Amino acid sequence: MFHTHTIFAVLGIITFIYSLVLVFGMDSGISSAKISNGFSSILPYLVWFAFACGIGLVLVFCDSRKKTVQALISGVVVCAIILSVSYLPNIAEMNSGNETLPQIALQSENAAEGATIVFESLKKGEKADAENLLTNDNQCWTAQAPNHSPADGCEDANNSYVELQLSQPSEINTAVIEESGNQAQYFRLQALINDEWITIYQSEKIQAMRLCSFDAVTTDRIRLSIDKFRDDNKPVKIKSLKLYNEPIQDKNDFEVTAYQRLDGDIPTEILAKGDEYVRNYARFYDVYSTVIVFAAVHWDENGQLNFGEKGEDYFAQQISALKEIISKRTNPEHDVKLIVTALADGAWGNGHNGVNTYMAQYWESVADQIADFAQKYNFDGVDIDWEYPASFDDWKVYDQFIQKLDKDLNEIKEGSIISTALSAGQLGLSQETFDCIDQIQFMAYDGNDTDGYQSSLQQAEEGLRDFVKNGADISKINIGIAAYGRPVNSTPYWATWRDLKDANYWNSKYYTVEDANQIYEGTFCSPALAGDKTAYALLSGASGVMVFRVGCDKTMDDPNSVACGIENTLHRYIKNW
């Protein structure tokens with residue numbers, strides 16, 4: 001009996017340690033971000049773990065009355081400790097911003113410097129503290145939710161706001177707002193123009209640092225309004241509000257990359273709709289500078305390239321048609337590079353296609369076939385969407401493969417692009433391999449946060465930080481923008497922005513998303529948020545942004561197209577885009 005208990009004890013310890021390794025991501029390196037994510041993932045279940053521990057102790061020691069009492073006392077103590085942890089503020093939220101995010105380089109002066117607070121809405125018993133917005137001492141303006149009674153002289157309103165009188169009339173096109181925590185769920189910036197308050201920006205979520213990009217306005221009075229609170233019993237804590245007028249700059253190397261499948265929006269079918277439709281569709285390519293043809297080629301278990309059921313002739317026909325559509329863009333001087341995803345996991349609905357398995361044996365042959373394929377169709381480069389090497393040996397193969405591919409492609413066509421889709425939490429490649437990569441497509445979406453948002457600006461900021469910490473060159477990273485939505489509960493559905501009937505320019509969250517014969521609450525990357533990600537990429541020194549994917553977006557005759565949000569930001573900050 002003793003030996004049986006010993007065996008189960010050892011197995012239990014091993015299982016516990018292995019579970020910790022997986023939960024905190026220690027199998028691919030240790031970082032505070034992974035530890036924070038691990039804690040945030042288990043916090044909701046600590047209550048049940050506490051009860052399990054308490055009951056378990058009683059069952060183990062219940063062979064006598066004295067030991068049963070001892071077990072119950074121990075169980076109560078264990079439960080109390082674990083329950084106290086579960087009621088602490090969200091650990092990931094506490095740490096969000098403790099680590100330095102990539103700095104943004106702003107060229108203009110802060111127009112809020114020297115401003116004064118002329119009004120602050122208050123609730124009964126609330127202390128006026130909006131002056132803290134204009135200091136650098138980490139003190140906060142604590143905006144209270146509307147479920148409290150208003151203070152004397154304040155109207156009963158459904159928001160909480162503060163008004164700033166600028167030291168002089170100023171032109172502004174950019175705001176930076178910092179929050180302590182994650183309580184703001186909707187906010188607006190308004191400017192007093194011709195004696196009327198005009199909303200110049202609105203969105204969900206502020207968090208550690210919210211960069212807001214908008215069309216330039218001239219004003220001497222600004223209002224920041226918190227319109228929705230995550231928890232009406234907790235104030236929103238805003239650390240600072242800064243206002244800028246960022247100049248237009250020369251930035252010829254900025255990238256706006258987009259993935260495009262050859263199904264769905266089938267190029268030959270687009271051409272068949274006539275010149276007017278084609279010219280309208282081709283407006284996408286006034287925005288995009290690199291188009292990645294995705295899900296076009298397949299690989300079998302023996303590492304042999306093929307083109308699926310429709311064959312290579314069909315592929316060639318669609319590539320020719322796509323090139324013709326791109327040529328119809330409004331600005332023919334705008335350079336558009338065409339590359340192809342030559343290797344990918346899970347692009348055809350059949351799992352991850354065994355890439356780790358066949359690449360281990362055939363990586364040299366795969367590299368040779370990809371180089372020949374790129375040369376045959378005169379692509380400007382290739383994209384590798386290997387999600388992901390799962391072991392040290394897989395990453396070693398990845399290194400060898402990318403380095404060989406870079407050498408082979410440049411022998412065929414100097415300046416050939418190697419693009420890779422990567423996640424900051426899945427990096428095991430060498431510095432030599434990093435040096436071979438020209439564009440890193442950072443998938444800054446799908447990872448639902450505490451509130452179910454799958455493509456927030458803070459996700460992009462934290463991911464960019466983690467990429468840099470893990471050795472990536474920030475000037476090669478494209479920040480991902482999803483042109484589709486995900487349910488807030490992370491279930492596996494992908495609604496397209498194109499099909500969202502009530503889509504608007506500002507909002508990312510929608511409560512009645514119709515998709516796959518059901519209705520759910522989901523979040524997207526609105527055009528305004530896509531513009532903010534573009535501004536953040538530009539001002540942080542990143543390579544650019546990436547959109548997944550063209551066929552999910554509304555065409556640009558609709559001002560609520562995601563591509564329109566990106567283009568608006570490009571026109572604000574970049575000369576001759």
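Just so it is clear, the model here is predicted, and its values are computed rather than measured.
Under the 3.5 Å distance criterion, with hydrogens and angles disregarded, a donor-acceptor pair is assigned to the side chains of Gln441 and Asn478. Side-chain contact check for Thr174 and Tyr573: at least one donor-acceptor pair (N or O, by modelled atom type) lies under 3.5 Å. Under 3.5 Å, the side chains of Asn356 and Trp386 contain a donor-acceptor pair of N or O atoms. Side-chain polar atoms of Asn182 and Asp451 form a donor-acceptor pair below 3.5 angstrom. With 3.5 Å as the limit, one finds no donor-acceptor pair spanning the side chains of Ser526 and Lys509. Donor-acceptor pairing under 3.5 Å is lacking for the side chains of Asp227 and Tyr161. Checked by atom type, the side-chain pair Asp515/Tyr520 shows a donor-acceptor distance below 3.5 Å. Remark: the Gln190 side chain and the Ser225 side chain contain no N/O donor-acceptor pair separated by less than 3.5 Å. At a cut-off of 3.5 Å, with distance as the only test, a side-chain donor of Asp383 or Tyr259 sits close to an acceptor on the other residue. Neither side chain, Thr330 nor Arg283, offers a donor N or O lying under 3.5 Å from an acceptor on the other.
Two rings, from Tyr377 and Phe315, have their centers less than 6.0 Å apart. In this structure, the ring of Phe524 has its center no less than 6.0 angstrom from the ring center of Tyr484. Proximity of the aromatic rings of Tyr398 and Tyr388 is defined here by a centroid distance below 6.0 angstrom, and this criterion is not met. Less than 6.0 angstrom separates the ring centroid of Phe548 from the ring centroid of Phe294.
Here the closest heavy-atom approach between residue Asp466 and residue Ala424 is recorded as CB-CB, 3.7 Å. Closest approach of Ile172 to Ala111, counting heavy atoms only: CG2-CB, 4.0 Å. Smallest separation of non-hydrogen atoms from Lys228 and Tyr511: NZ-OH, 2.9 Å. Here the closest heavy-atom approach between residue Gly308 and residue His298 is recorded as N-CD2, 3.6 Å.
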Original post:
Passes side chain to side chain contact (heavy atoms under 4.5 Å, CB included), Leu243 versus Ile222? Steps please.
Top reply: CA-CA 10 Å; Leu243 305 168; Ile222 289 290; 3.8 Å; yes
- Message: What verdict does the side chain to side chain contact (heavy atoms under 4.5 Å, CB included) test give for Leu570 and Ile566, after you've listed the backbone C-alpha separation in whole Å, the side-chain angles of each residue and the deciding distance to 0.1 Å?
- Response: CA-CA 6 Å; Leu570 295 172; Ile566 297 170; 4.0 Å; yes
Can you list the steps and then say if Asn507 with Tyr186 is a side chain to side chain donor-acceptor pair (under 3.5 Å)?
CA-CA 9 Å; Asn507 292 2; Tyr186 208 88; 2.5 Å; yes
Using the side chain to side chain donor-acceptor pair (under 3.5 Å) rule, take Ser213 and Arg572 through it: C-alpha gap first, then chi angles, then the decisive distance, then the call. CA-CA 8 Å; Ser213 175; Arg572 289 174 194 133; 2.9 Å; yes
task = Apply side chain to side chain contact (heavy atoms under 4.5 Å, CB included) to Asp385 and Leu343, showing your working.
result = CA-CA 6 Å; Asp385 188 16; Leu343 183 74; over 6 Å; no
**Item:** Gln454 and Thr523: CA distance, side-chain angles, deciding distance, side chain to side chain donor-acceptor pair (under 3.5 Å) verdict
**Value:** CA-CA 6 Å; Gln454 62 100 5; Thr523 64; 4.9 Å; no
Inset, instruction - Any chance you could lay out the side chain to side chain donor-acceptor pair (under 3.5 Å) test for Ser416 and Asn410, step after step, and finish with the verdict? - result: CA-CA 6 Å; Ser416 289; Asn410 278 288; 5.0 Å; no
| Chi angles and distances behind the salt bridge (Lys or Arg N to Asp or Glu O under 4.0 Å) call for Asp380, Lys413 | CA-CA 8 Å; Asp380 296 302; Lys413 185 176 183 178; 3.0 Å; yes
Pair Asp408, Asp372 - check side chain to side chain contact (heavy atoms under 4.5 Å, CB included), show working.
CA-CA 9 Å; Asp408 292 350; Asp372 291 342; over 6 Å; no
Could you walk me through whether Glu255 and Lys337 pass the salt bridge (Lys or Arg N to Asp or Glu O under 4.0 Å) check? CA-CA 10 Å; Glu255 288 288 348; Lys337 300 175 286 291; 3.2 Å; yes
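Annotation: side chain of Gln439 is in contact with side chain of Thr290 (closest heavy-atom distance under 4.5 Å). Leu538 places a side-chain heavy atom less than 4.5 Å from the side chain of Ile574. When side chains are defined from C-beta on, Ile402 counts as touching Ile437, because their heavy atoms get closer than 4.5 Å. In this structure the side chain of Tyr536 reaches within 4.5 angstrom of the side chain of Leu457, judged on heavy atoms. Using a 4.5 Å cut-off on side-chain heavy atoms (C-beta onward), Leu322 and Tyr285 make contact. Gln369 is listed as a side-chain neighbour of Trp299, based on a closest heavy-atom distance under 4.5 Å. The closest side-chain heavy-atom distance from Leu241 to Leu189 is below 4.5 Å. Considering only heavy atoms from C-beta on, Leu500 stays 4.5 Å or farther from Thr496 through its side chain.
At most 12 non-hydrogen atoms from other residues, nucleotides or ligands lie less than 6.0 angstrom from CD of Glu109. Asp313 CG: 12 or fewer foreign heavy atoms inside a 6.0 Å radius. Counting heavy-atom neighbours within 6.0 Å of Gln107 CD, excluding the residue itself, gives a total above 12.
Phe373 and Phe307 have perpendicular rings, their planes meeting at more than 60° on a 0 to 90° scale where under 30° would count as parallel.
To the nearest 0.5 Å, atom CG of residue Leu192 and atom CZ of residue Arg221 are 6.0 Å apart. If you take CD on Gln458 and CE on Met209, they are separated by 9.5 Å, rounding to the nearest 0.5 Å. In this structure, Ile339 CD1 and Ile384 CD1 are separated by 9.5 Å, a value rounded to the nearest 0.5 Å. Distance CD1/Ile200 to CZ/Arg223: 12.0 Å, rounded to 0.5 Å. Note that CH2 of Trp506 and OG of Ser203 are 8.5 Å apart. Values are rounded to the nearest 0.5 Å. Atoms OG and CD, on Ser456 and Glu461 in that order, are 8.0 Å from each other to the nearest 0.5 Å.
The pair Asp473-Lys476 fails the salt-bridge criterion, with no side-chain N (NZ, NE, NH1 or NH2) lying under 4.0 Å from an Asp/Glu carboxylate O. A salt bridge between Arg230 and Glu204 is absent, with no side-chain N of the basic residue lying under 4.0 Å from a carboxylate O of the acidic one. Salt bridge status for Asp532 with Arg210: present, with a side-chain N to carboxylate O gap under 4.0 Å. No salt bridge links Lys205 with Glu179; every basic N to acidic carboxylate O contact stays at or beyond 4.0 Å. Salt-bridge formation is not detected for the pair Lys328/Asp275: no Lys NZ or Arg NE/NH1/NH2 atom is positioned less than 4.0 Å from an Asp or Glu carboxylate oxygen.
Between the side chain of Thr257 and the backbone N or O of Met546, no donor-acceptor pair lies under 3.5 Å. Panel note: side chain Ser160, backbone Ala143; no donor-acceptor pair is recorded below 3.5 Å. For the pair Arg486 (side chain) and Tyr493 (backbone), a donor-acceptor distance under 3.5 Å is present.
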